[in-house]
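Note: hydrogens, waters and symmetry copies are ignored here, and every other heavy atom, side chains too, is used. Along the sequence shown, residues are numbered consecutively beginning with 1. As the structure is a prediction and not an experimental result, all values here were calculated from the model.
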Amino acid sequence: MNLIEYYLKYLQELADGSRKPPEGMELTEQEPMARATELQTQIQAIGIPEFVRRCAQLDGQTLPPEVYENYKPEELMAALSALASQDMPQEADSEPQPNPAEPPKIDEPDGPRSAYEVLLDCCLLDENLLYYLIDVLKRGAEEEFQKLALVTARKAFTQADFLYWFATKQDRAEQNELICVTLMDAVFDRLAAEGQKELIAALLCGDQTTFELFRCDAPELQHLPEATFDWYEKNYLQGFYPVRYMLKYNGVAFPKEAHS
């Protein structure tokens with residue numbers, strides 16, 4: 001395994017709760033996006049190699065020096081892209097190898113959290129990984145996407161299945177979430193048409209001050225008493241909808257029907 005593979009393995013284990021944070025790191029947030037931001041900030045402070053070293057040390061391992069040699073931060077996306085043409089890491093050897101034409105189907109849920117949510121959680125832990133996910137979906141790179149799914153969620157599924165699940169997520173939610181998502185997506189569409197990119201970015205990042213100032217003037221929200229930041233956080237931010245809007249904003253098309 002190389003450094004990137006160790007890094008993604010540790011991220012996935014932190015995301016699904018099977019791993020404790022290494023020495024010098026503490027995760028206090030429970031909401032996925034807030035936890036991802038918290039972890040990302042701490043990893044950026046110490047660097048990916050040191051993060052990997054501390055996680056390995058927590059497992060009682062000392063990784064070979066060559067794992068760390070010649071590592072450059074910009075290699076993360078390149079390494080992930082290269083996975084599409086390489087064998088899977090050793091940990092995935094016991095997994096059925098995906099057939100790009102007929103990948104295994106996943107019935108939701110497949111546990112306390114679906115594999116789709118695990119993939120999103122992992123991608124939110126690192127800015128570069130999130131941008132890689134967006135790029136893969138924009139390009140429709142099916143094999144790269146399935147490799148990413150296997151590395152992060154230890155499952156294989158198609159882009160079409162993932163995007164359909166994401167597109168219809170609010171339809172399976174409670175009424176408050178459906179209303180909030182429908183309303184906020186319309187708000188973001190209006191802001192996008194007005195070219196207000198910085199405001200969109202601040203709102204999608206969950207900046208409370210920005211939201212509270214914005215809702216006072218937004219015609220969609222100013223006459224809706226329940227549209228508080230807590231309402232927005234619970235029904236939009238915690239449901240990965242900011243990532244979905246980022247995909248839409250970047251031109252990713254969502255299927256209207258389930259993949260057969």
Practice task
Tell me, with the steps shown, if Asn235 and Tyr241 meet side-chain hydrogen bond (donor to acceptor under 3.5 Å, both in side chains).
Solution key: CA-CA 9 Å; Asn235 295 298; Tyr241 294 110; over 6 Å; no
Below 4.5 Å, heavy atoms only, C-beta onward: do [X] and [Y] meet side chain to side chain?
X: Gln159; Y: Glu144; result: no
X: Leu3; Y: Pro49; result: yes
X: Gln170; Y: Asp185; result: no
X: Asp59; Y: Arg19; result: yes
X: Asp126; Y: Leu8; result: no
X: Arg190; Y: Pro219; result: yes
X: Pro21; Y: Glu26; result: no
X: Arg215; Y: Leu224; result: no

* To do: Please confirm whether Phe162 and Phe145 have ring centers closer than 6.0 angstrom.
  =>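 For Phe162 and Phe145, the ring centres are under 6.0 Å apart.
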Pair Phe166 + Phe240: ring centers closer than 6.0 Å: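 When the ring centroids of Phe166 and Phe240 are compared, they turn out to be at least 6.0 Å apart.
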How close do [X] and [Y] get, counting heavy atoms only, and between which atoms?
X: Leu204; Y: Pro242; answer: O-CB, 3.6 Å
X: Ala156; Y: Leu150; answer: N-CD2, 3.9 Å
X: Ile134; Y: Val252; answer: O-CG2, 4.4 Å
X: Ala227; Y: Leu221; answer: CB-CD2, 4.1 Å
X: Pro255; Y: Ala167; answer: O-CB, 4.1 Å
X: Thr158; Y: Glu142; answer: CA-OE2, 3.3 Å

[X] side-chain N/O to [Y] backbone N/O, donor-acceptor pair under 3.5 Å:
X: Arg244; Y: Gly239; value: no
X: Tyr232; Y: Leu203; value: yes
X: Arg172; Y: Trp165; value: yes
X: Glu117; Y: Ser114; value: yes
X: Asn250; Y: Met246; value: yes
X: Glu233; Y: Gly206; value: no

**Asked** Can a salt bridge be assigned to the pair Lys234 and Asp230 using a cut-off of 4.0 Å between side-chain N and carboxylate O?
**Response**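 Salt bridge flag = no for Asp230 with Lys234.
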Could Glu50 and Arg54 be called an ion pair, given the rule that one side-chain N must be under 4.0 Å from one carboxylate O?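 Looking at Arg54 together with Glu50, the answer is yes, because their closest N to O distance falls below 4.0 Å.
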Can you confirm whether more than 12 heavy atoms, excluding those of Glu194, are under 6.0 Å from its CD atom?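 More than 12 heavy atoms, drawn from other residues, nucleotides or ligands, come within 6.0 Å of this atom.
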(Q) For the CD atom on Gln61, are there more than 12 heavy atoms of other groups (residues, nucleotides or ligands in this structure) within a distance under 6.0 Å? (A)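 Correct, the count exceeds 12.
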- Item | Gap between atom OH of Tyr249 and atom CG of Asp189 - 0.5 Å precision |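 Answer rounded to 0.5 Å: 11.0 Å.
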Review point. When hydrophobic residues are tied together by side-chain contacts of less than 4.5 Å, even through go-betweens, does Leu237 share a cluster with Leu178?
Key: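 Different clusters.
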Angle between ring planes, Trp231 versus Phe211, binned at 30° and 60°: parallel, tilted or perpendicular?
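Geometry flag for Phe211 against Trp231: tilted rings.
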Show your reasoning for whether side chain to side chain contact (heavy atoms under 4.5 Å, CB included) applies to Ile43 and Leu125.
CA-CA 9 Å; Ile43 292 177; Leu125 291 175; 5.9 Å; no
